[in-house]
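Each chain gets a letter, A, B and so on, in the order the sequences are listed, and its residues count up from 1.
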Number of protein chains: 2
Amino acid sequence: MGIRESNPQDALVLEGDEHLPLYRRLYLTVAKRIANGEWRPGDALPAELDLAKQYGVAPGTIRKAIDELVDDGLIERRHGSGTFIRRPNFDNMMVRFFLFRDPAGNMIMPESHIVSREIVPASADVAANLKMREGDDVIKVTRHRHWEGQARLLEDIFLPPARFSAILSHTPEEIGPLLYPAYERLCGQLVCFIEEEISITDVSPDDAGLLKLSSDDLVVAIERLAKDASGHPMEWRISRGEARRFRYKINVS
Amino acid sequence: MGIRESNPQDALVLEGDEHLPLYRRLYLTVAKRIANGEWRPGDALPAELDLAKQYGVAPGTIRKAIDELVDDGLIERRHGSGTFIRRPNFDNMMVRFFLFRDPAGNMIMPESHIVSREIVPASADVAANLKMREGDDVIKVTRHRHWEGQARLLEDIFLPPARFSAILSHTPEEIGPLLYPAYERLCGQLVCFIEEEISITDVSPDDAGLLKLSSDDLVVAIERLAKDASGHPMEWRISRGEARRFRYKINVS
DNA sequence: TGGCATTTGTACGTATGTATG
DNA sequence: ACATACATACGTACAAATGCC
């Protein structure tokens with residue numbers, strides 16, 4: 001995985017078990033080509049009829065595969081124009097959960113401070129989420145988000161070194177305020193899916209000091225696992241912020 | 001809306017604006033037939049080929065409409081058997097958010113106590129959500145959920161009287177512990193979609209007393225709007241529970 | 001402005017596979 | 001063994017939006 005020279009023949013060999021439906025194998029094949037960085041966000045896929053010819057399938061079959069890729073948010077269609085690789089915008093999601101607004105009610109964007117970057121042995125938690133072995137090397141990035149001159153959100157971010165060594169070798173200025181664009185720019189890695197788990201707990205003594213909370217205050221802890229287009233885990237992080245500032249909206253059916 | 005004798009001819013007149021795609025109008029038509037109670041949860045829809053003949057469309061067209069109804073959770077397919085009206089299970093969702101487990105780690109089901117049922121004028125909030133006018137009559141049901149002999153979840157539930165008068169005229173025993181099945185059984189109303197908004201606030205003095213929390217504790221407040229198969233609002237409720245017990249999981253793409 | 005090629009969107013129709021009862 | 005119903009796959013035709021010349 002990661003950026004590599006794609007073997008053009010690879011693209012025409014279908015991914016997945018041969019008993020899977022054709023449209024499903026086409027889905028997996030295109031998803032893998034995206035995960036491999038063959039196309040970058042904003043790039044156009046070949047036209048549906050071209051893809052159908054390349055893979056030797058009917059237009060309706062490749063169309064069904066593309067439909068599901070659109071449903072899953074990996075690509076988007078533009079009528080009359082083409083089908084394009086999407087760039088999901090997860091990086092600011094956390095910010096939307098927390099209520100920081102100026103007196104006029106506008107959302108305030110936080111500053112981002114990378115506090116440390118180091119290689120540490122993976123804890124059981126981190127290893128399980130990143131599909132590594134306990135004790136394997138992982139990159140740990142500690143970051144604080146500030147609003148109004150005060151740290152409001154504390155983040156511990158864990159990355160597998162194989163794909164993300166560039167995060168250690170660049171300056172914070174080169175990395176910039178948003179991590180997911182940096183993963184894409186510096187490591188050729190695109191985040192396509194995330195899973196999050198939200199819970200409310202007592203604040204730890206360290207966090208209380210940094211967030212300027214009293215020891216009996218509560219924090220919201222958000223654990224996030226980020227995955228690439230093929231569903232392989234890329235990043236695991238845990239973020240903590242003051243519980244009282246939290247708000248979240250859902251639709252279910 | 002509500003239960004009514006369906007005019008058989010109605011079913012063959014397509015819903016929606018005539019410039020909408022055919023599959024979309026078929027979606028709306030079937031959704032409306034479900035909202036009208038023409039089929040009950042568990043009932044089978046006519047076979048795809050039958051529906052195609054009835055509406056005079058190609059099999060692929062009705063299939064696309066059914067695909068989207070499945071995506072939206074209104075119906076489910078069973079290969080080789082048929083397509084059936086689904087009964088979404090939202091009523092216990094709230095319970096899944098809160099961590100109440102026995103020593104073995106199993107989920108504990110709460111008892112349900114209906115504390116009061118009355119007609120009140122709609123507040124601005126309630127009116128906006130239920131698409132009524134402020135001051136209009138609404139049914140207000142107050143319910144407490146108990147774990148281990150203690151109220152843990154407080155719920156204020158608001159219903160438009162037009163569809164839900166049966167909730168006032170039946171005994172709590174007839175209503176039973178779960179409201180959505182009661183809406184279906186007593187009022188012919190099926191909840192198909194919900195929107196929820198989660199926030200964390202200080203506990204009100206009344207709630208603190210009922211939940212046995214101290215006045216500086218925090219509660220999670222969950223506001224929920226429930227809708228029928230056609231997307232019309234049916235019920236609005238606000239539930240409060242101890243913040244520390246809260247846990248929630250999400251997938252995004 | 002208009003025309004034209006390209007590309008997705010909608011709709012039709014058919015054949016065959018596979019699970020269920 | 002059989003009929004029924006959904007699942008997959010094929011292929012075609014035309015509509016509608018876009019972008020370029």
Side-chain angles (χ1 to χ4, degrees), chain A residues 12-31 33-34 39 41-86, chain B residues 12-31 33-34 38-86:
Chain A
L12 292 175
V13 177
L14 292 183
E15 291 291 314
D17 196 278
E18 63 176 11
H19 74 261
L20 285 175
L22 239 189
Y23 70 86
R24 186 65 197 156
R25 300 186 70 190
L26 290 162
Y27 172 106
L28 294 171
T29 305
V30 174
R33 291 176 75 178
I34 296 171
W39 301 294
D43 285 355
L45 255 59
E48 292 179 1
L49 290 179
D50 291 340
L51 282 173
K53 268 179 199 156
Q54 286 170 30
Y55 287 105
V57 300
T61 305
I62 190 73
R63 188 168 175 82
K64 174 148 183 167
I66 290 178
D67 277 342
E68 306 211 340
L69 287 161
V70 171
D71 287 343
D72 289 347
L74 276 70
I75 57 179
E76 67 184 320
R77 290 201 159 100
R78 288 180 218 148
H79 189 172
S81 173
T83 305
F84 301 85
I85 310 296
R86 234 168 66 94
Chain B
L12 293 176
V13 177
L14 292 183
E15 291 291 315
D17 196 278
E18 63 175 11
H19 74 262
L20 285 175
L22 198 41
Y23 72 85
R24 184 69 198 152
R25 300 186 68 191
L26 289 162
Y27 173 107
L28 294 171
T29 306
V30 174
R33 290 176 75 178
I34 295 171
E38 182 170 342
W39 301 294
R40 331 228 92 217
D43 285 356
L45 257 61
E48 293 179 0
L49 290 178
D50 291 340
L51 281 172
K53 267 179 200 156
Q54 286 171 28
Y55 287 106
V57 301
T61 305
I62 190 72
R63 186 166 175 83
K64 175 150 183 165
I66 291 179
D67 276 342
E68 305 212 338
L69 288 161
V70 171
D71 287 343
D72 289 346
L74 275 70
I75 59 181
E76 67 184 319
R77 289 199 161 99
R78 287 179 220 149
H79 190 170
S81 173
T83 305
F84 301 84
I85 309 296
R86 233 167 68 93

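Rounding to the nearest 0.5 angstrom, the gap separating the CG atom in B/L20 from the CG atom in B/L14 is 10.5 Å.
Residue B/F84 contributes atom CZ, which lies 11 Å from atom C1' of D/dT4 at whole-angstrom precision. Here the P atom of nucleotide C/dG13 and the CG atom of B/L49 are 12 Å apart, to the nearest Å. Atom CG in A/D50 sits about 10 Å away from atom C1' in C/dT7, given to the nearest Å. We find that CD1 of B/I75 is positioned 15 Å from P of D/dA5, with the value rounded to whole Å. One interatomic measurement links the two molecules: CZ of A/R77 to C1' of C/dG9, which rounds to 8 Å at whole-angstrom precision. Rounded to whole Å, atom C1' of C/dC12 lies 19 Å from atom OH of B/Y55. In this structure, NZ of B/K53 is placed 16 Å from C1' of C/dC12, rounded to the nearest angstrom. Across the protein-nucleic acid pair, B/H19 atom NE2 and C/dG9 atom P stand 17 Å apart, rounded to whole Å.
Close to D/dT8, at under 4.0 Å from its OP1 or OP2, lies a side-chain N or O of A/Y23. For D/dT4, the OP1/OP2 oxygens have no side-chain nitrogen or oxygen of B/S81 closer than 4.0 Å. Phosphate proximity of C/dA11 to B/T61: absent, as no side-chain N or O sits under 4.0 Å from OP1 or OP2. Residue B/R63 places none of its side-chain N or O atoms closer than 4.0 Å to OP1 or OP2 of D/dC6.
Between the A/T29 side chain and the A/E15 main chain, a donor and an acceptor come within less than 3.5 Å of each other. Remark: the backbone N or O of A/L74 is not paired with any side-chain donor or acceptor of A/D72 at under 3.5 angstrom.
With respect to B/R86 and B/E76, no salt bridge is recorded, no charged nitrogen being found less than 4.0 Å from a carboxylate O. Comment: B/R77 engages B/D67 in a salt bridge, judged by a side-chain N to carboxylate O separation of less than 4.0 angstrom.
Which of D/dC10, D/dA7, C/dG9 sits closest to the side chain of B/E48 comes down to D/dA7. Here the side chain of B/A58 is nearest to one of C/dT7, D/dC6, C/dC12, namely C/dC12. Each of C/dA11, C/dT8, D/dT8 was ranked by its minimum atom distance to the side chain of A/K64; first place goes to D/dT8. Comparing C/dA11, D/dC6, D/dT12 by their nearest atom to the side chain of B/P21 picks out C/dA11. Considering only side-chain atoms of B/A47, the nucleotide from C/dT8, D/dC10, D/dC6 that sits closest is D/dC6.
By the 4.5 Å heavy-atom criterion applied to side chains, B/L51 and B/L26 are not counted as neighbours.
At the heavy-atom level, A/R78 lies under 4.0 Å from the strands shown only through sugar-phosphate atoms. Nucleic acid contact class of B/G60 (heavy atoms, under 4.0 Å, all strands): none.
Nearest-nucleotide positions on DNA chain C for A/L45 and B/I62 put A/L45 closer to the 5' end.
Pairing of D/dA1, defined by two Watson-Crick or G-U wobble distances under 3.5 Å, is not identified with any nucleotide.
One N or O donor and one acceptor, one from the side chain of A/H79 and one from the base of D/dA16, sit under 3.5 Å apart.
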